[in-house]
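Notes follow the structure.
To find a chain, count down the sequence lines: A is the first, B the second, and so on, and within it residues start at 1. Just the heavy atoms: all of them, side chains too, but no hydrogens, waters or symmetry mates, feed the values below.
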Number of protein chains: 2
Amino acid sequence: MESDTYHHGNLKKALITTGLEILSEKGIEGLSLRKVARRVGVSHAAPYNHFSDKQALLAAISTEGHKQLYETLFRIFDSMKHASEDILLEIAWAYLQFAVEDPGRFKLMFSGALDEESKHPEFVEIASKNIALLEAIIQFCKEDGRLPAEALEIAAIKLWSSVHGFTSLVLEDQFPPEYMQAHQLRELLKAVVSP
Amino acid sequence: MESDTYHHGNLKKALITTGLEILSEKGIEGLSLRKVARRVGVSHAAPYNHFSDKQALLAAISTEGHKQLYETLFRIFDSMKHASEDILLEIAWAYLQFAVEDPGRFKLMFSGALDEESKHPEFVEIASKNIALLEAIIQFCKEDGRLPAEALEIAAIKLWSSVHGFTSLVLEDQFPPEYMQAHQLRELLKAVVSP
DNA sequence: ACCTGAACACCGTTCAAGT
DNA sequence: ACCTGAACACCGTTCAAGT
């Protein structure tokens, strides 16, 4: 039954979700094509019917990660539109949590062994959706009307750079322990997102 | 003669510098223990006399990269102390150039396949030297006297996060092409480091 | 059209053996 | 003390062969 359904096109999806599973359990170093195939219950050559090589599978897994990130951030943004909390901080916090709760997924998404993600149309689609969301959030936070396009782009780059850099450095344990002992993570993030 | 000198302790250093070479040529994916040993002209088991495993060699290579980054930034800082240009921008630019001119080295240093760098005393030493340099730079840029320790730490985290995030995202090609076409890289970086 | 199994070239790591 | 060569378990990729 199971091996039968794979003949109807589910294998591709199964490889992606199982890849995310292993990524979450064993990290980026522990993710191999053969291991994914083994766990799915298929021969190690089977994935090549759906992905041209390992890079292509990794790109698909990364794309799925970006979709999850979009869902997460969109939900936060949507639920806070009417509760006037500090939206920027909540979004940044969600970004950080997304990274911390599954470092392997985040590292695959951004610390790119993937050179040719830009060739996969599905990836560029979700990437631009994420950019659009980021811009919408910034636009919303400037309550005094819309920003000019130029300022919007600059603001997006500044915000994303800060939050992404802080998240990466926290994930890689690059800040000295004194820094982290003296302050709470959320407090530091607040300082990072505040202008 | 050459194989003789390896009996006198140069092999360890040779493995590190050859590792950096291969990293620069083939990227992080193309760096294997056996390839390093082969290029140095030694058997694939020889490195185990100097490093407990591949991780340990990678940690040593990463440490060497951090030393190079320190040298680069220190030189800039030292040479600009008396020419009152925009030091923060020049430092940030040097950081970005350091990453762009050798992405493999930068990725190894920060996109950590290295979990146990903190166990290597040489690494924690250079890491804290880099932190101290960062603090000195910030201190210098606040011409009105010294900052309190708390504000200094916060300022260091904010600056490093911004510059590191921007650098990583540029390196991984995460910004949409429209952003990059509409602005020059240095102009964007200037916006990122300006408060 | 999709999957399997054998084959190949590579990898990290260990260990007896050499000097 | 340091290096070698064989050995082992793993990997990505290809390809004939099966259904």
Can you find a donor-acceptor pair, distance only, under 3.5 Å between His44(A) side chain and dA6(C) base?
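Looking at the base of dA6(C), it does pair with a donor or acceptor on the side chain of His44(A) (distance under 3.5 Å).
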
Tell me which nucleotide among [options] gets nearest to the side chain of [X].
X        : options                   : answer
Ala46(B) : dG12(D), dC11(C), dC3(D)  : dC3(D)
Lys35(B) : dG12(D), dC11(D), dC11(C) : dC11(C)
Ser32(B) : dG12(C), dT14(D), dC2(C)  : dG12(C)
Val42(A) : dT13(D), dG12(C), dT4(C)  : dT4(C)

Can a cation-pi geometry be assigned to Arg105(B) and Phe98(B), taking NZ or CZ under 6.0 Å from the six-membered ring centre and within 45° of the ring axis?
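Yes.
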
Stacked cation flag Lys81(A) on Phe77(A), 6.0 angstrom / 45 deg:
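Geometry flag: set, cation within 6.0 Å and 45°.
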
Nearest-angstrom distance from the residue atom [atom1] of [X] to [atom2] of [N]:
X        : N       : atom1 : atom2 : result
Lys12(B) : dC2(D)  : NZ    : C1'   : 14 Å
Glu29(A) : dG12(C) : CD    : C1'   : 12 Å
Asp53(B) : dT13(C) : CG    : C1'   : 9 Å
Tyr48(A) : dT4(C)  : OH    : P     : 14 Å
Arg34(B) : dA9(C)  : CZ    : P     : 14 Å
Asn49(B) : dG5(D)  : CG    : P     : 14 Å
Lys26(A) : dC11(D) : NZ    : P     : 11 Å
Phe51(A) : dT14(D) : CZ    : C1'   : 18 Å

If we call it a pair only when both distances are under 3.5 Å in a Watson-Crick or G-U wobble match, what pairs with dA9(D)?
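Across all strands, not a single nucleotide pairs with dA9(D).
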
G-U wobble or Watson-Crick pairing nucleotide for dT4(D) (cut-off 3.5 Å, both distances)
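Base partner found: dA16(C).
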
Is Arg38(A) close enough to dC11(D) that one of its side-chain N or O atoms is under 4.0 Å from OP1 or OP2 there?
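Yes, such a contact exists.
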
Kindly indicate, with the supporting measurements, whether the criterion salt bridge (Lys or Arg N to Asp or Glu O under 4.0 Å) is fulfilled by Glu122(B) and Lys67(B).
CA-CA 10 Å; Glu122(B) 254 204 298; Lys67(B) 286 183 187 169; 2.8 Å; yes

Both Ala45(A) and Gly30(A) contact DNA chain D. Taking the nearest nucleotide for each, which residue is further toward the 5' end?
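It is Gly30(A) whose nearest nucleotide is closer to the 5' end.
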
Would His183(A) and Phe175(A) count as a close aromatic pair, with their ring centres under 6.0 Å?
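Here the rings of Phe175(A) and His183(A) have centres that are no less than 6.0 Å from each other.
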
Using a strict cut-off of less than 4.0 Å between a Lys/Arg side-chain nitrogen and an Asp/Glu carboxylate oxygen, indicate whether Glu172(B) and Lys107(B) qualify as a salt bridge.
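Looking at Lys107(B) together with Glu172(B), the answer is yes, because their closest N to O distance falls below 4.0 Å.
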
